[in-house]
Enquirer: 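Supplied in structure tokens, the structure appears directly below.
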Amino acid sequence: MLDINVIRDNLEALRAGAAKKHVEVDLDRLMELDDERRRLIRLVEDAVADQRRRSKALGKLSDEERQKEVASLGELKEVIKRDEESLASVMVDFDALMLRVPNFPAEEVPEGKDDAENVELYKVGEIPKADFDRRDHVELGAHLEILDIERGVKLSGARFYVLKGAGALLHRAVLEFAYQHMIKKGFLPMEVPLLVRDPAMVGTAYYPGGEDQAYRMERDQLSLVGTAEVPVTAYRGGEILDEAELPIRMVARSPCFRREAGAAGKDTRGLYRIHQFEKVEQVVLMKNDEEASYEEHQSILRNSEEVLQALELPYRVVNVCGGDLGVPHVQKYDIETWMPSRGNYGETHSASRFHDFQARRLNIRYRDESKKKRFCHTLNNTVVASPRILIPLLELYQQKDGSVVVPDVLRPFMMGLEVIRPS
RNA sequence: GGACAGGUGGCAGAGUGGUCGAUUGCGGCAGAUUGCUAAUCUGUUGACGGGGGUUUUUCCCCGUCCGAGGGUUCGAAUCCCUCCCUGUCCGCCA
């Protein structure tokens, strides 16, 4: 959410920003609603002040005067009630529209309407050539008996899977490796609720707009999170922090649930697009400083690159274009890891910078040196998401004989297993 | 799930229809006192919104906020309803 005053003062810049993001938002209507809202607030408050004064003065009046005054106040009460109802109805529309006003995209965000126009910034690692025909992860997984998609679908439907044996171990190993990597860097490990109330979903800007992508337990009014970003970012919601506490760097490992509505028929093979996966996510809460925020964005991007480099997986970093940005974003970098079966890089990480957009919705503030309250800045990035990362891991580490070598850094997390072979 | 008791300012804790935004204590901040510290004394001390003023800071006026939302009333922290949360006991349960 943006400050209404900032919106008023930068209306044209915001229009341009929304256009860059290819987001439709009726800012003229917002201005009308804001004018009406301010007018009604003044009207109601002046009337209430009058009502209070006259009500208090009732005791000093004679019986006859009091009777007349009470009758007159009764009429005033009706007027106030009517105006309050008008205000409430304007506020409903105003608040709903405010939640849909997109954040300003950064200068360096490229123009473009969808992910095809994301701009590659750099590549790391050579794409290895194999002197044999590689199997894709689905075939390989079946051959090694570590991945069972058929029975996953039997249990839960399309886009579900079962990992077993060394597959289950590899999944947990890559997550644990990433988790510990972040803890060593000073991030605070967190275990958080995965079912959250609406304010957490709205605060992180998944709602409104993303309702179709989330599993919502209507009976309990809770949503299964699609990322630990939601509970971890919302964790300090409503609080006023000490500046000395900042930045707060947190890391959480959690299951993630996504409906993938609208993706029917897309990426149907294998582990790429699934309803349930696990992710290690880094989240930063920091002071309200655009330059520091930018630096932190670079820093959380590097943290994840370190994980891919330790796994020796080739990847590239892209600067996400306006049309592929979400409503809350200032800027986003995706990391795409080389996936032989796709013959291309596939998205494995997403590093986001929001300025105070989420913090304003979540009401996370701190007192700065001059004791002034300011909204924090928030950022986050994937550290690793599995099983999607198992696609390049299995496909690139496979040997001619159909076995898969376990990357060195993961062996300690796999009870020393060095090579995955059929049982 | 059932029964009971509660939710008041950073914390503790008064207040049961009318100068209550709220007694008091602790904490915080400022000052006094004292070689320093501690102790003591004095003062001060919330959030959000609207308007004015300044437009960096300070300031002034008004409104709202006693878990949330609704209701009764000329007037609600105080009465009523719904929901949320906490505690205790019972039931169920990984």
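Within every chain, numbering begins at 1; the chains are lettered A, B, ... in the order of the sequence lines, protein sequences first and strands thereafter.
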Enquirer: Roughly how far apart, to the nearest Å, are B:rU56 and B:rC61 at atom C1'?
Expert: 23 Å
Enquirer: Given that A:Glu85 and A:Arg37 both sit by RNA chain B, which one's nearest nucleotide is further toward the 5' end?
Expert: A:Arg37
Enquirer: Tell me the closest heavy-atom pair linking A:Ile300 and A:Ser352, and the distance in Å.
Expert: CD1-O, 4.4 Å
Enquirer: Could you work out the separation of B:rG7 and B:rC66 based on their P atoms and round it to a whole Å?
Expert: 14 Å
Enquirer: Output the rounded distance in Å from CZ (A:Arg361) to P (B:rC48).
Expert: 20 Å
Enquirer: Please state how far atom CD in A:Glu84 lies from atom P in B:rG50, giving the value in whole angstrom units.
Expert: 17 Å
Enquirer: Please check the phosphate of B:rG51 (OP1 and OP2 only) for any side-chain N or O of A:Arg39 closer than 4.0 Å.
Expert: no
Enquirer: Considering only atom P, compute the distance from B:rG21 to B:rA76 and round it to an integer number of Å.
Expert: 11 Å
Enquirer: Counting Watson-Crick and G-U wobble pairs with both distances under 3.5 Å, what is the dot-bracket string for RNA chain B, 5' to 3', using [ ] for crossing pairs and | for pairs to another strand?
Expert: ((((((((.[[[..)..(.....]]]((((((.......))))))(((((((......))))))).[[[[[..)....]]]]])))))))....
Enquirer: Starting from C1' on B:rG51, measure out to CG on A:Leu43 and report it in whole angstrom.
Expert: 14 Å
Enquirer: Salt-bridged, A:Glu36 to A:Arg39, with N to O below 4.0 Å?
Expert: yes
Enquirer: Any carboxylate oxygen within less than 4.0 angstrom of a Lys/Arg side-chain nitrogen, looking at A:Asp198 and A:Arg216?
Expert: yes
Enquirer: Ignoring backbone atoms, establish whether A:Arg38 has a side-chain N or O less than 4.0 Å from OP1 or OP2 of B:rG49.
Expert: no
Enquirer: If I pick the C1' atom on B:rU23 and the same atom on B:rA12, what distance separates them, to the nearest angstrom?
Expert: 14 Å
Enquirer: Could you tell me the separation between the CG atom of A:Leu222 and the C1' atom of B:rC85, rounded to a whole number of Å?
Expert: 14 Å
Enquirer: Rounded to whole angstrom units, what separation is found between the CG atom of A:Asp34 and the P atom of B:rG49?
Expert: 13 Å
Enquirer: Quantified in whole Å, what is the C1' atom distance between nucleotide B:rG1 and nucleotide B:rC80?
Expert: 26 Å
Enquirer: Without decimals, in angstroms, what is the distance between A:Leu76 CG and B:rC74 C1'?
Expert: 10 Å
Enquirer: Quickly work out the A:Lys81 NZ to B:rC74 P distance and round it to whole Å.
Expert: 12 Å
Enquirer: Return the value, rounded to whole Å, for the distance between atom CZ of A:Arg197 and atom P of B:rC84.
Expert: 8 Å
Enquirer: Suppose you measure atom C1' in B:rU82 against the same atom in B:rA22; what distance do you get, rounded to whole Å?
Expert: 27 Å
Enquirer: Measuring only the P atom in each nucleotide, how far is B:rG31 from B:rA38? A whole number of Å is fine.
Expert: 14 Å
Enquirer: Under 4.0 Å between a Lys/Arg side-chain N and an Asp/Glu carboxylate O for A:Lys332 and A:Glu347?
Expert: no
Enquirer: Against A:Gln331, only a single residue in A:Asn319, A:Asn103, A:Leu325 fulfils side chain to side chain contact (heavy atoms under 4.5 Å, CB included); can you say which?
Expert: A:Asn319
Enquirer: Report each atom pair, protein N/O against N/O of nucleotides 44-47 of chain B, whose distance is under 3.5 angstrom.
Expert:
| from | atom 1 | to | atom 2 | distance (Å) |
| --- | --- | --- | --- | --- |
| B:rA47 | OP1 | A:Lys373 | NZ | 3.1 |

Enquirer: Side chains of A:Glu229 and A:Gln358: do they bring a donor and an acceptor to under 3.5 Å?
Expert: yes
Enquirer: Quantified in whole Å, what is the P atom distance between nucleotide B:rC4 and nucleotide B:rC62?
Expert: 46 Å
Enquirer: What pairs of nitrogen or oxygen atoms, one from the protein and one from nucleotides 54-64 of chain B, lie under 3.5 Å apart?
Expert:
| from | atom 1 | to | atom 2 | distance (Å) |
| --- | --- | --- | --- | --- |
| B:rU64 | OP2 | A:Arg52 | NH1 | 3.2 |

